[in-house]
S.K.: 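Provided herewith is a single structure, encoded as C-alpha cells, for subsequent inquiry.
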Protein chains: 2
Amino acid sequence: MRRPTLEAVAARAGVSRATASRVVNGQTTVAPHIRDAVLRAIDELGYVPNSAARSLVTQRTDSIALVVSEPGTRVFSEDPMFSTAIRSASMELEAVNKQVVLMMASSAKSHARLERYISGGHVDGVMLISMHGADPLPSALSRLRVPVVSYGRPAVPVEIPYVDNDNIGGAEAGVRHLVETGRRRIATIAGPQDMIGGQDRLTGYRNVLRDSDHRSIVAVGDFTRESGAVAMRQLLRDDPELDAVFVANDLMAVGALQSLRQAGRRVPDDVAVVGFDDIEAAKYTEPPLTTLRHPVAEQAAAMVRLLLNLFEGGASEPVILPTELVIRESA
Amino acid sequence: MRRPTLEAVAARAGVSRATASRVVNGQTTVAPHIRDAVLRAIDELGYVPNSAARSLVTQRTDSIALVVSEPGTRVFSEDPMFSTAIRSASMELEAVNKQVVLMMASSAKSHARLERYISGGHVDGVMLISMHGADPLPSALSRLRVPVVSYGRPAVPVEIPYVDNDNIGGAEAGVRHLVETGRRRIATIAGPQDMIGGQDRLTGYRNVLRDSDHRSIVAVGDFTRESGAVAMRQLLRDDPELDAVFVANDLMAVGALQSLRQAGRRVPDDVAVVGFDDIEAAKYTEPPLTTLRHPVAEQAAAMVRLLLNLFEGGASEPVILPTELVIRESA
DNA sequence: ATCTCTTGAGAGAGCGCTCTCTCCACCTTC
DNA sequence: GAAGGTGGAGAGAGCGCTCTCTCAAGAGAT
C-alpha cells in the first residue's frame, strides 16, 4: 500500500508523466482542459510529490539548517531571544516553502556531525545563531561552499553576511541615560567576552565613560540570571559606592536586581539599573526594568531575506538594526 | 564541480559500487583489506552519501518533524518550557542520528501545509508539542499512518502515545500545601481550558477543595504573564478576602505577583502564591516562587524514546512523570 | 574426485521525479 | 501551396543510491 506516484496521476489523467510533472510544477505550457484533468487526478489520488526523488534530480532540498551554536544548555533554554529568533525565522521560511532543520551545535562531536551533514547536501543553506568567538563553525561552513548567513556578527572576520543590532550604539544610549540622570559611579556587568554581543556592549559602555570620572568597575557574566546575581554581589563588594549599573542583558539584570534587593539597596533610589534586550520579563521585575529594545523577530526575518537573496546570487551586505531605549522604573 | 558519488569511491578503491555501499552501510560481509581500501577512498574523496538518493530507495528519511502547535506567538517565545523541550528532544534525536525538522502550526493554512508535508513522506515520524483541545492535528496525523507521539496528553481521545507530567497530582500537592499552611480562601488562576494542562491543573485544584470551605474563586488566563496579572487583579476585585492563590503556571504567577504588589498585598504574609513548572525565573521573583517542578527535559527525552520504540513496531504506553513541590518564599 | 555450503563481490534493476530533446499539429507568411 | 514558426505533449535519460540476485572461489563433507 504505497503512496501514489506521478506515474499513477499521469495514467489516471490520461497524459504522460512529463505533462503531469508540468502541472505539478506550475508550468504554463499546458492546455487548460489537460491541466484540469491532471489536477483532478492529483486530488482523487491524494498525490503528494516525493521530495527525495525531486531533490535527487533538482539538486535542491528546499530545506535550510538553523544551527544554534550554544554555549551552555541554560542560556538557550532560558533566553527568550533564542526562541523568538527561531520562531520568526521559521515562520519566515515557511512562507517561502522552505523547511527548517534545527541543529544544536554544542560539542566538538556535534560540530563534526554538523559539517558532515551540511556538506552532505541535505540543506540548501545555513543560518547560524549566536556563536562564540572561538567558534570554528562560521569559517568551516563558509569553506563548504554552502550559503551561510549569521544572526549576529561573527567574531572571526569571515565573509558571511549577517544581521545584527546596534550593540555599541545601544549600550552607549543606555549608559548615557545613566549619566544624564545624574549617576556618578556607573558600573557594568558585561556579557561573555568571547561573544560579539558581550564585547560590543562593553565597548559601548567604555565609549561613553572613557576619560570621565563616572566610570566604576566591570564584572563579567555569561548572560544567565545566576551570573548576573553573582556579578552584582561582586560589584557591590568591590565598589560599595556605585550608584548605577549597566547590565549587558536583561536576564543578568534580573539576577542583579535580586542581589541588590538582598543587599538592601533600593532601585532606582540607591542604584539605577539598565538592562539590554527588553525581554518580556523586563516589565515584570521589581521595579520594572529600563532597558534597550531591539527587534529580534525582525532581525531573524532579515536574516532569512539575506539568505534567500544569496540563493538568487545577490551579494548581501550586513544589516544593522537600531536599538531603542525603553525607560521604566529601574533607571 | 560536483560532490563525489559512491561510483567514484568504488572506482578509486577498485571495487564495485555495491561493495562500496556495503562498507558505507557497515555491513560485515566485506573482507578487511577491501573495506580499508574503500574507507581510504571515501576519506580521500571526502565522500558523503547523498541523502535524497538514499531515502528514495530506502523509503526512510531519518528525519522527524517536531511540530509546535502554538496558540499565540507570545507563549512560544516566552515560555521556557518550549525551548527546553525542543532542545532536549533535539539532542536526543541527534544522538540516534535523526534530523529534526521544526514546524510551526499556527494558522489553519499552516495546518494544511503541515499535513501535506507530513503525508508527503518527508519525515519518518512526528512529535507534537502542546496542542489545544480543538486541535485537529492529532487525529489528522494519526490518520496519515505516520508514527506520531505527543508531548502532553492530546485533548481529544485519540490513539497517540504521549508523555505527560502528573498535572492533576501536582496541582493537588500545591493546593494541599496551601491548605496545610493554614490558608482559608484559596483562589486559582487557571490555564486555558482548551489545553489539557490547563484543564488538569484546575481539576487538581478542585479535587482538593471540593466540599471544603477553603475554596475561593477561579479566574482563567492563557499562560502568559500578562494574563496572570489581569486575572489577579480580577480575583482581588471579586474576592478581596482571599489569602492564597494557586496559579496554573509560573509565567502567570509572575504577572500575579506584580498585581499583588501593585495592590499593596504582601506575599506571602497577606496572600500566598503557588505556581507550576518551576521555570528558572521562579527563583528570581520577589519573593521567590513556591512552585511545582516537573522534568521537562526528561519528558521530551521520553517522548523521543516513545517514537523510536514505535519505529521498532513496539506498542507504546503513555508515560506519566511525577511532579515535585518546591517550597520557596511565596507560600 | 565430486558435491554441497559458505563467503565475498559484482551486475543491474529500480526508487520517483525533472528536464531536455523530439515530434506533431496547427498557424502564419510569402 | 510550400516553407517556416510556434505551442503543446510525449519519450527517455539519468539523478545517486540500495538491495536482490547471481556467481565465483574456496572449504568441508561424502
Side-chain angles (χ1 to χ4, degrees), chain A residues 1-39 41-42 45-63 97 99 116-117 119-124, chain B residues 1-39 41-42 45-63 97 99 116-117 119-124:
Chain A
M1 186 60 191
R2 179 153 269 174
R3 289 167 39 218
T5 70
L6 193 58
E7 189 83 50
V9 171
R12 184 171 192 115
V15 300
S16 73
R17 203 174 55 234
T19 301
S21 172
R22 278 189 268 263
V23 173
V24 170
N25 293 289
Q27 271 178 284
T28 50
T29 65
V30 181
H33 71 280
I34 297 222
R35 130 170 280 114
D36 287 348
V38 173
L39 289 176
I42 288 175
L45 263 42
Y47 170 75
V48 184
N50 179 313
S51 57
R54 177 179 276 171
S55 56
L56 183 58
V57 34
T58 59
Q59 309 278 25
R60 283 183 298 101
T61 62
D62 283 336
S63 47
N97 260 293
Q99 275 357 284
R116 210 168 344 103
Y117 183 78
S119 65
H122 299 66
V123 292
D124 298 342
Chain B
M1 186 59 192
R2 181 154 268 172
R3 289 167 38 217
T5 70
L6 193 57
E7 189 83 52
V9 170
R12 183 169 192 117
V15 300
S16 74
R17 202 175 55 236
T19 301
S21 173
R22 277 188 269 264
V23 173
V24 169
N25 293 290
Q27 272 179 285
T28 50
T29 66
V30 181
H33 71 280
I34 297 221
R35 133 171 277 112
D36 287 348
V38 173
L39 289 176
I42 288 176
L45 263 43
Y47 170 76
V48 184
N50 179 313
S51 57
R54 177 178 278 172
S55 57
L56 183 56
V57 34
T58 59
Q59 309 277 24
R60 282 183 298 102
T61 62
D62 283 336
S63 48
N97 259 294
Q99 275 356 284
R116 209 166 345 102
Y117 183 77
S119 65
H122 298 67
V123 292
D124 298 342

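In this text the structure is predicted, and so the values were computed from the model without any measurement. Within every chain, numbering begins at 1; the chains are lettered A, B, ... in the order of the sequence lines, protein sequences first and strands thereafter.
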S.K.: Mapping P49(B) and A20(A) onto DNA chain D by nearest heavy atom, which one lands closer to the 5' end?
M.R.: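 Nearest nucleotide further toward 5': that of A20(A).
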
S.K.: Filter on salt bridge (charged side-chain N to carboxylate O under 4.0 Å, His left out), then keep only pairs touching residues 11-21 of chain B, sequence neighbours left out; what's left?
M.R.: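 Of all non-adjacent pairs touching residues 11-21 of chain B, those that pass salt bridge (charged side-chain N to carboxylate O under 4.0 Å, His left out) are E7(B)-R17(B), R12(B)-E44(B).
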
S.K.: Quick check: closest heavy atoms across V24(B) and Y47(B), and the distance to 0.1 Å?
M.R.: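 Closest approach of V24(B) to Y47(B), heavy atoms only: CG2-CE2, 4.0 Å.
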
S.K.: Taking the side chain of R54(A) as its heavy atoms from C-beta onward, which of dC17(D), dT18(C), dG10(D) lies nearest to it?
M.R.: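 Between dC17(D), dT18(C), dG10(D), the one nearest the side chain of R54(A) would be dT18(C).
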
S.K.: List in chain and number order the residues that pass ring-ring contact (aromatic ring centres under 6.0 Å, His included) with Y117(A), two or more places apart in sequence or in another chain; answer none if no residue qualifies.
M.R.: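 Testing Y117(A) for ring-ring contact (aromatic ring centres under 6.0 Å, His included), a comparison that skips the adjacent residues, returns H122(A).
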
S.K.: Can you list every salt bridge (charged side-chain N to carboxylate O under 4.0 Å, His left out) pair that touches residues 25-34 of chain A, not counting sequence neighbours?
M.R.: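 Not a single pair qualifies under salt bridge (charged side-chain N to carboxylate O under 4.0 Å, His left out).
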
S.K.: Please enumerate all residues that pass side-chain contact (heavy atoms from CB on, under 4.5 Å) together with S21(A), with sequence neighbours excluded.
M.R.: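 For S21(A) the side-chain contact (heavy atoms from CB on, under 4.5 Å) partners, ignoring immediate neighbours, are L6(A), N25(A).
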
S.K.: Suppose we screen for side-chain hydrogen bond (donor to acceptor under 3.5 Å, both in side chains). Which residues come up paired with R60(B), at least two apart in sequence or across chains?
M.R.: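 Applying side-chain hydrogen bond (donor to acceptor under 3.5 Å, both in side chains) to R60(B) gives D62(B).
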
S.K.: Check nucleotides 11-14 of chain C for protein N or O atoms closer than 3.5 Å to its own N or O atoms and list the pairs.
M.R.:
{"unit_1": "dA13(C)", "atom_1": "N6", "unit_2": "R17(B)", "atom_2": "NH2", "d": "3.1"}

S.K.: Can you name the residues that form a side-chain hydrogen bond (donor to acceptor under 3.5 Å, both in side chains) with T61(A), not counting sequence neighbours?
M.R.: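 Applying side-chain hydrogen bond (donor to acceptor under 3.5 Å, both in side chains) to T61(A) gives S63(A), D124(A).
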
S.K.: Can you check nucleotides 24-28 of chain C for protein contacts, nitrogen or oxygen pairs under 3.5 Å, and list what you find?
M.R.:
none

S.K.: Using the side-chain heavy atoms of T58(B), tell me which of these nucleotides is nearest: dT18(D), dC17(C), dC19(C).
M.R.: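 For the T58(B) side chain, the nearest candidate turns out to be dT18(D).
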
S.K.: Note the angle between the end axes of the helix from dA1(C)-dT30(D) to dC30(C)-dG1(D), five pairs defining each, rounded to 10 degrees.
M.R.: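 Both end axes considered, the difference amounts to 40°.
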
S.K.: Among the nucleotides dT18(C), dG16(C), dC17(D), which one has an atom lying closest to any side-chain atom of L6(B)?
M.R.: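 Out of dT18(C), dG16(C), dC17(D), the nucleotide with an atom closest to L6(B)'s side chain is dC17(D).
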
S.K.: How would you list, by chain and number, every residue that makes a side-chain contact (heavy atoms from CB on, under 4.5 Å) with R22(A), sequence neighbours excluded?
M.R.: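 With sequence neighbours excluded, R22(A) shows a side-chain contact (heavy atoms from CB on, under 4.5 Å) to A18(A), T19(A), Q27(A), T29(A), V30(A), given in chain and number order.
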
S.K.: Under 4.0 Å, counting only non-hydrogen atoms across every strand here, what does V24(B) touch: a base, just sugar-phosphate, or nothing?
M.R.: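 Touches nothing.
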
